[in-house]
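I have placed the structure first, in the form of structure tokens, so that the comments after it can refer back to it.
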Amino acid sequence: QVQLVESGGGLVQPGGSLKLSCAASGFSVASYAVAWFRQTPGKGREGVSCISGDYGNTYYSDSAKGRFTISRDHARNTVYLQMNNLKPEDTAMYYCAADPDPLLPLQFAHANFASWGQGTQVTVSW
């Protein structure tokens, strides 16, 4: 059974950093595409970043490029999202999602991932 558990969210001041974790079970992060999405009330879901299962290629939204870094640890079977220079508009619930389809990362922001975690809240505020 595929399970995803996010952690690492919290309250941070503008300009600060957070590192989110997505602990996976029931599959290997080396063989599934894993992505981070975020959502705020009244706003649609936004794809933030994705890492492919095969070669570990990484993909970012325009808002994440240059500030966020996605990575994975095979031994811990965990995917991370390092977020630097956080802005108030980054405030959202962040979810990780996984899917075995190797083509999903190419259009990850619009793809329907098979499995989702419960989310972790990130709040950027003074």
Side-chain angles (χ1 to χ4, degrees):
Q1 182 181 358
V2 172
Q3 285 192 325
L4 301 164
V5 179
E6 303 95 333
S7 62
L11 174 64
V12 63
Q13 293 182 351
S17 297
L18 280 176
K19 187 174 185 177
L20 305 184
S21 299
C22 174
S25 59
F27 73 98
S28 170
V29 298
S31 60
Y32 273 43
V34 178
W36 286 96
F37 290 83
R38 65 188 184 187
Q39 189 161 18
T40 55
K43 199 174 178 181
R45 187 182 70 193
E46 177 188 5
V48 176
S49 183
C50 183
I51 186 165
S52 69
D54 44 10
Y55 302 109
N57 295 326
T58 57
Y59 304 83
Y60 297 94
S61 66
D62 287 342
S63 62
K65 282 177 188 173
R67 299 189 299 129
F68 295 1
T69 302
I70 191 170
S71 63
R72 64 187 181 185
D73 184 326
H74 293 176
R76 290 182 168 82
N77 210 35
T78 298
V79 172
Y80 303 98
L81 185 68
Q82 176 68 47
M83 305 187 295
N84 298 328
N85 190 23
L86 283 161
K87 305 175 182 180
E89 51 263 42
D90 294 317
T91 295
M93 184 71 80
Y94 283 71
Y95 300 89
C96 66
D99 198 285
D101 188 343
L103 298 179
L104 249 61
L106 300 176
Q107 295 290 335
F108 78 93
H110 307 289
N112 290 319
F113 282 72
S115 302
W116 292 80
Q118 294 300 306
T120 186
Q121 177 67 37
V122 172
T123 302
V124 185
S125 176
W126 294 108

Distance (rounded to the nearest 0.5 Å) between [X] [atom1] and [Y] [atom2]:
{"X": "Thr69", "Y": "Asn84", "atom1": "OG1", "atom2": "CG", "answer": "6.5 Å"}
{"X": "Arg72", "Y": "Ser21", "atom1": "CZ", "atom2": "OG", "answer": "15.5 Å"}
{"X": "Leu104", "Y": "Cys50", "atom1": "CG", "atom2": "SG", "answer": "7.5 Å"}
{"X": "Ser125", "Y": "Leu86", "atom1": "OG", "atom2": "CG", "answer": "12.0 Å"}
{"X": "Ser17", "Y": "Asn85", "atom1": "OG", "atom2": "CG", "answer": "8.0 Å"}
{"X": "Leu20", "Y": "Met83", "atom1": "CG", "atom2": "CE", "answer": "4.0 Å"}

Check the surroundings of atom [atom1] in [X]: do more than 12 heavy atoms from other residues, nucleotides or ligands lie under 6.0 Å from it?
{"X": "Gln121", "atom1": "CD", "result": "yes"}
{"X": "Gln107", "atom1": "CD", "result": "no"}
{"X": "His110", "atom1": "NE2", "result": "no"}

Kindly determine whether Val34 and Tyr80 satisfy side chain to side chain contact (heavy atoms under 4.5 Å, CB included), including the steps that lead there. CA-CA 10 Å; Val34 178; Tyr80 303 98; over 6 Å; no

Is there a side-chain contact between [X] and [Y] (heavy atoms, below 4.5 Å)?
{"X": "Asn57", "Y": "Ile51", "result": "no"}
{"X": "Thr120", "Y": "Ser7", "result": "no"}
{"X": "His74", "Y": "Val29", "result": "yes"}

Checking Tyr95 now: which residues fulfil ring pair (Phe, Tyr, Trp, His ring centres under 6.0 Å) with it, not counting sequence neighbours? none

Arg38: partners by salt bridge (Lys or Arg N to Asp or Glu O under 4.0 Å), with sequence neighbours left out: Glu46, Asp90

Can you list everything that forms a salt bridge (Lys or Arg N to Asp or Glu O under 4.0 Å) with Arg45? Sequence neighbours excluded, please. none

Which pair of non-hydrogen atoms, one from Gly26 and one from Val2, has the smallest distance, and what is that distance? O-CG2, 4.2 Å

Closest non-hydrogen atoms of Val48 and Ala64, given as atom of the first, atom of the second and distance, are O-CB, 3.7 Å

Keeping [X] on the side-chain end and [Y] on the backbone end, is there a donor-acceptor pair under 3.5 Å?
{"X": "Asp99", "Y": "Ser115", "result": "no"}
{"X": "Glu6", "Y": "Cys22", "result": "no"}
{"X": "Ser52", "Y": "Pro105", "result": "no"}
{"X": "Thr91", "Y": "Thr123", "result": "no"}

Tyr60 six-ring face occupied by Lys65 cation (under 6.0 Å, within 45°): no

Do Ile70 and Tyr32 sit in one hydrophobic cluster, given that two such residues count as connected whenever their side-chain heavy atoms are within less than 4.5 Å of each other, even indirectly? yes

Establish, from distance only, whether the side-chain atoms of Thr78 and Asp73 form a donor-acceptor pair under 3.5 Å. no

For Trp36 and Phe68, what are the C-alpha separation, side-chain angles and deciding distance, and is it a ring pair (Phe, Tyr, Trp, His ring centres under 6.0 Å)? CA-CA 11 Å; Trp36 286 96; Phe68 295 1; over 10 Å; no

Apply side chain to side chain contact (heavy atoms under 4.5 Å, CB included) to Leu106 and Tyr59, showing your working. CA-CA 8 Å; Leu106 300 176; Tyr59 304 83; 3.6 Å; yes

The test is side chain to side chain contact (heavy atoms under 4.5 Å, CB included); show your working for Leu4 and Phe27 and say whether it passes. CA-CA 10 Å; Leu4 301 164; Phe27 73 98; 3.7 Å; yes

Pair Phe108-Phe113, ring pair (Phe, Tyr, Trp, His ring centres under 6.0 Å): steps then yes or no: CA-CA 8 Å; Phe108 78 93; Phe113 282 72; 7.5 Å; no

